[in-house]
Student: 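Quick one: structure below, then a few questions.
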Protein chains: 2
Amino acid sequence: MEVVTGLKIGAVARQTGVAVGALRYYESLGLIQSGRGQNGYRYYLPQTVQQVQFIKKAQTLGFSLEDIGEVLHVHQQGDVPCEFVRSLLQNKIDQLDAQIQQMMAFKADLEQYRDRWATAQPPPSNNICPLIDSISIDESPN
Amino acid sequence: MEVVTGLKIGAVARQTGVAVGALRYYESLGLIQSGRGQNGYRYYLPQTVQQVQFIKKAQTLGFSLEDIGEVLHVHQQGDVPCEFVRSLLQNKIDQLDAQIQQMMAFKADLEQYRDRWATAQPPPSNNICPLIDSISIDESPN
DNA sequence: CTTGACCCTGCAGTTGACTCTAAGGTTTAG
DNA sequence: CTAAACCTTAGAGTCAACTGCAGGGTCAAG
């Protein structure tokens, strides 16, 4: 009896915490691949679990599935355009780096907000209801 | 003739690079506010430009408009629950911090990928077409 | 041989953050 | 005074990344 080895979709779902539907969706985008048994079931390689975990990780960092697809495809073709691959990854890395910079700057911003609020209760004499006083007087050509 | 001072929506759009429609949408969510002239036009305070820039910034860092709304509301009510405000901001800051950590780790991951690709051309004897060979042999109860 | 767990497909619905269109009023430059 | 540029609302459409459902097949246990 010739049968298929591999994880069924539910097993992958359990091991990764990703919903069955989501896995099918990933497959429809070509992010992961499966073989089919004669029953029509999908069977996945064990390494698929790693791949899915990679996807989750990348996703929480703001990469789109399309982005992730590029990287994964690259990772699995492997043979030919290794230089293209490198530059693609380098792009992502640079992107990430820039984002980290931004985040640190923004964090500093928020800390400033926080500290300003910690000390000065009513900021000298700012607008309470921010519009009321501004909506009158006179027109100037904008 | 009593008329309204302030920026019209197009001016804010031009100064921030955010579409008119998006600004209206922000307003519908209460992220920014306007006064209305008797013509029905929205008029914005100059500081709205800063606010919108803040929104953009926060957005590129993965905050939802709802998140951002919390922070902005906090920033503009100001008077009463200052401790609540502080903890809210502190949450966002911690969140950001955690994300920065993750990103750095992930960046390291990607760098590893890149370097692995730079050196080992065909990884010892991995799967070329990742499924073909795995889809046969024998069944074991999963 | 039926029950329950699991799998399939196809398609509709959801959420967030918009954009686009229609149908119309206003303002401004010439 | 008219045309272009700008504003209004309401509502539909879009895109990503799913979730949920209907309707049906498969498989292991008892």
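Note on naming: letters A, B, ... go to the chains in the order of the sequence lines (proteins, then strands), and numbering restarts at 1 for each one.
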Student: Using heavy atoms to find the nearest nucleotide of DNA chain D for G40(B) and F63(A) separately, return the residue whose nucleotide is more 5′.
Tutor: G40(B)
Student: Below 4.0 angstrom from OP1 or OP2 of dG25(D), is there any side-chain N or O of N39(A)?
Tutor: no
Student: Residues in salt bridge (Lys or Arg N to Asp or Glu O under 4.0 Å) with K56(A), at least two apart?
Tutor: none
Student: Residues in side chain to side chain contact (heavy atoms under 4.5 Å, CB included) with R24(A), at least two apart?
Tutor: I9(A), V20(A), R42(A)
Student: If the condition is side chain to side chain donor-acceptor pair (under 3.5 Å), which residues does D109(B) pass it with, not counting sequence neighbours?
Tutor: K57(A)
Student: Applying side chain to side chain contact (heavy atoms under 4.5 Å, CB included), can you list everything that pairs with Q15(A), at least two apart in sequence or on another chain?
Tutor: L7(A), V49(A)
Student: Starting at atom NZ of K8(B), determine the distance to atom P of dG25(C), rounded to an integer number of angstrom.
Tutor: 18 Å
Student: With sequence neighbours left out, what residues match S64(A) under side chain to side chain contact (heavy atoms under 4.5 Å, CB included)?
Tutor: E66(A), D67(A)
Student: Identify which one of T48(B), V18(B), I68(B) satisfies the side chain to side chain contact (heavy atoms under 4.5 Å, CB included) criterion when paired with Y26(B).
Tutor: V18(B)
Student: Can a side chain N or O of R42(A) be found less than 4.0 Å away from OP1 or OP2 on dC7(C)?
Tutor: no
Student: Give me the bend of the helix from dC1(C)-dG30(D) to dG30(C)-dC1(D), using the axes of the five pairs at each end, rounded to 10°.
Tutor: 10°
Student: Send over the distance from L23(A) CG to dC6(C) P, rounded to a whole Å.
Tutor: 15 Å
Student: Quick one: is dT26(D) close enough that its OP1 or OP2 comes under 4.0 Å of any side-chain N or O from R36(A)?
Tutor: no
Student: For D94(B), check salt bridge (Lys or Arg N to Asp or Glu O under 4.0 Å) against everything at least two apart and list the hits.
Tutor: none
Student: Output all residues satisfying ring-ring contact (aromatic ring centres under 6.0 Å, His included) with F54(A), sequence neighbours left out; order by chain, then residue number.
Tutor: F106(B), Y113(B)
Student: Please tabulate the protein-to-nucleotide N/O contacts below 3.5 Å involving nucleotides 18-21 of chain C, giving atom names and distances.
Tutor:
unit_1: dC18(C); atom_1: OP2; unit_2: Y26(B); atom_2: OH; d: 3.2
unit_1: dC18(C); atom_1: OP2; unit_2: Q59(B); atom_2: NE2; d: 2.4

